[in-house]
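Some notes on the structure that comes next.
Note that the structure is a prediction, hence the values are computed from the model and not measured. When a ligand or atom number is given, it counts from 1 through the structure's own listing order.
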Amino acid sequence: MRTLKLLIGVLIVCTAININGQSSKRSSLPLEYGAERLGKRTDKAMQKWRDNGFGQFIHFGLYAIPGGFWEGEFHSFAAEWMRAEKGVDTDKYDLLYKKFNPKQLDARAWAKQAKNMGAKYVVITTKHHDGFCLWPSKYTEHNISNSPYKKDIIKQVVEAYEAEGLDVILYFSILDWHHPSYRSKLETEDDKKEFEIFKEFTSNQLKELLTLYPSVKGFWFDGTWDSSWKDQAEFAYKLSEELRAMVPGLIIGSRYRADDNRMRGYDSNGDLMGDYGQGWERNLPSKIEDVTGNDWECVMTIPHNQWGYHSDWRGHVKDSYEILDMLARSASLDGNFVLNFGPKADGTIRIEETKIAEEIGAWMKVNGEAIHNSGHLNWEKQDWGYYTINRRTNKKYMIVFNMPISGKLRVKASKELNISKAFEIGNSDKLLKLERIYDHGEYWIHYDNVEKLKSPIVIELETSINKNLRKIENTKT
Ligand code: H79
């Protein structure tokens, strides 16, 4: 039987080679629930997501109340994981819903702040691992309508952000510590029976969310690492098809499901599942090869690893330039960057986050065109920072984070192009001096204001086709 399967596999591989005229990537294992496609989605909804480039993450839930301290004791691990911390009474934690009353929550203020920061979308936690729902779910009592606050937070967020022109993506944890039928492993018949109940609950909740908020652009799934969920390839695949049918263009990342062989993220053939790579959590690729030709997104915290509100950010806390550096790197490698905010229990955004949002926003106001709608420019990377190219206008940018003390910036363009002008964004009247090394596609740009520099700058480049090179090539052929 195994030999027969192997033979069929080989036959399929051969057919793939014949049809494509070259070896297809999906070559080894025939999978029923593997990658949906090879390469990027090309539809409008996905183009919009890609062009958005920069998003805001919001982690808001019961964990904002303890804010990293349980009964006076400091917990260094991620604040939103408090329910799972050693020494935390889970029944007591679950009763926090009785105290959840973010009276100062002003979703319009959140949305305005995100917009002014330069974000084009928001990812909001509808339900984190602790199972508490920020929307009035019919399928569990553990939801916002039973808190003293009562009002639907997801509805407010969707309306407020969309009114500011931002897209909304719903974070949803499959893992649910509160639900009585959740199991991390399916060891007994009873586990399997209970997990069927849980699967139906999950399906109901996801459909409920899309019914209540049909304008959202996608789901951001998390908590999918448990063995019980990895067993659900068929169920998860079919459920995603149902969800996609409810909201055409719906975007689902690679963390949602496992394939026929329980592989997550990338299927057994090494092909990305879902619409974009979700593996870049608090982590960035360093070169274009790392992203394997797929869309991807990095989600990042301001402190080391806190998503929900933690009142005591110990250790290294990133400043706005470190964050902008990551944002620029993401754009330069064809990915999106999403910065996390963890509102306080009263619903307000902490002062440290507000300061960072304002600083990023001030920079983005001047330089945002090098980030939004912009992606990878295939020129040799230099130590001063990142190149991007605007997909709409084809304008090319140098985002300079590490200005050399000499003020001299090396550019290795392609030989096919001449760089005719270089100037600081918004300052096209003041051209920067350009030195050219002939026939190498190599230039040196002189920036003569180094001592006055206060923040990273963006230099815009105007290029033209190198006609001389064309002539040479034409005579050759
Ligand atoms: O919501 C934020 C985090 O709370 C959540 N994702 C971001 C966006 C997150 N939770 N966990 N992780 C990220 C990392 C995963 C840790 C794990 Fe494990 C290590 C999962 C499996 C191995 C710890 C040990 C949890 C289960 C076993």
Taking distance alone, no hydrogens or angles, what donor-acceptor pairs closer than 3.5 Å link side-chain atoms of residues 112-119 to residues at least two apart or in another chain?
unit_1	atom_1	unit_2	atom_2	d
Gln113	NE2	Thr354	OG1	3.1
Asn116	ND2	Lys112	O	3.3

Just list the side-chain donor-acceptor pairs under 3.5 Å for residues 332-343, sequence neighbours left out, or say none.
unit_1	atom_1	unit_2	atom_2	d
Ser332	OG	Arg329	O	2.8
Asp334	OD1	His376	N	2.9
Asn336	ND2	Trp49	O	2.9
Asn336	ND2	Tyr121	OH	3.3
Asn340	OD1	His59	ND1	2.9
Asn340	ND2	Trp307	O	2.8

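The residue from Phe77, Trp81, Trp307 that puts a heavy atom closest to atom 11 (N) of ligand 1 is Trp81.
For atom 5 (C) of ligand 1, the protein comes within 4.0 Å by at least one heavy atom. By the definition of a contact as any protein heavy atom under 4.0 Å away, atom 17 (C) of ligand 1 is not in contact. Within 4.0 Å of atom 25 (C) of ligand 1, at least one protein heavy atom is present. Atom 13 (C) of ligand 1 is flagged as protein-proximal [any protein heavy atom, distance under 4.0 Å].
Within a 6.0 Å sphere centred on CD of Glu73, heavy atoms belonging to other residues, nucleotides or ligands number 12 at most.
The nearest heavy-atom contact from the protein to atom 3 (C) of ligand 1 is Glu80 OE2, 3.3 Å. Protein heavy atom closest to atom 2 (C) of ligand 1, with residue, atom name and distance, is His59 NE2, 3.3 Å. Atom 27 (C) of ligand 1 has as its closest protein heavy atom Trp225 NE1, 4.8 Å.
Residue contacts with ligand 1: Glu281 is placed with a nitrogen or oxygen under 3.5 Å of a nitrogen or oxygen of the ligand (distance criterion only).
The closest approach between Val299 and ligand 1 stays at or above 4.0 Å for every heavy atom of the residue.
Taken to the nearest 0.5 Å, the OH atom of Tyr386 stands 10.5 Å off from the CG atom of Leu327. Annotation: the span from Asp325 atom CG to Phe401 atom CZ amounts to 4.5 Å, rounded to 0.5 Å.
Using cut-offs of 30° and 60° on the angle between ring planes, the pair Tyr256 and Phe221 is tilted.
Thr188 and Asp190 share no side-chain donor-acceptor pair at under 3.5 Å.
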